[in-house]
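Side-chain atoms are counted along with the backbone in the values below, which use heavy atoms only and exclude waters and symmetry mates. Counting from 1, the numbers follow the sequence of the chain as shown. Keep in mind the model is a prediction, meaning the values are calculated, not measured.
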Amino acid sequence: MFRPHIPVNPLPTGIVTPLQSGPTSGVETRHESAPVAAAPTVPARPTVQLTPGSVLALAAGGGAVVLVVGAVLVSMLLATAITGVSVAVIAVVLRLLIKDLHKH
């Protein structure tokens, strides 16, 4: 269950072996086919060349992302703090109203 499954041929070679069909009486049949050209190799990953302009753009984009995420998190914290303060004020007001109702 936890053993890795290794594929038989992870990278195709471009060489095709034709299937043998016909009589199986032990007589060899000769199939003449055109030679198959090998497929050109493609690099696994394209190379990325960073120019000074692209490095600057990447740094500016990263800085913008940090500023936006920071602003969102600060606004969420501020909203939570305002909600907590308003709930506390409402609790004090309700307590005073209930205390006033019991006196009269």
Side-chain angles (χ1 to χ4, degrees):
M1 179 172 149
F2 293 110
R3 294 182 190 166
H5 297 284
I6 301 171
V8 177
N9 189 6
L11 297 174
T13 59
I15 300 172
V16 178
T17 306
L19 294 174
Q20 299 292 329
S21 62
T24 58
S25 62
V27 178
E28 291 186 21
T29 58
R30 181 177 237 174
H31 294 284
E32 296 201 18
S33 61
V36 178
T41 58
V42 179
R45 293 179 186 232
T47 58
V48 177
Q49 295 178 353
L50 294 176
T51 62
S54 63
V55 170
L56 184 63
L58 188 63
V65 167
V66 168
L67 288 177
V68 168
V69 169
V72 168
L73 291 177
V74 167
S75 65
M76 289 173 63
L77 180 64
L78 185 61
T80 304
I82 290 172
T83 303
V85 169
S86 64
V87 167
V89 169
I90 290 172
V92 170
V93 169
L94 283 176
R95 183 177 176 195
L96 289 174
L97 286 174
I98 292 173
K99 188 177 181 182
D100 191 37
L101 282 174
H102 285 299
K103 282 185 179 180
H104 297 302

What donor-acceptor contacts under 3.5 angstrom involve side-chain atoms of residues 53-60, with partners at least two apart or in another chain?
from, atom 1, to, atom 2, distance (Å)
Ser54, OG, Thr51, N, 2.8
Ser54, OG, Thr51, O, 2.8
Ser54, OG, Thr51, OG1, 3.3

For residues 85-92, please give each side-chain donor-acceptor pair under 3.5 Å, one per line with the distance, not counting sequence neighbours.
from, atom 1, to, atom 2, distance (Å)
Ser86, OG, Ile82, O, 3.2
Ser86, OG, Thr83, O, 2.8

Applying the side chain to side chain contact (heavy atoms under 4.5 Å, CB included) test to Val69, which of Val72, Leu73, Val66, Leu67 qualifies? Leu73
Spatial distance of atom CG (Leu94) from atom CG (Leu101) [nearest 0.5 Å]: 10.5 Å
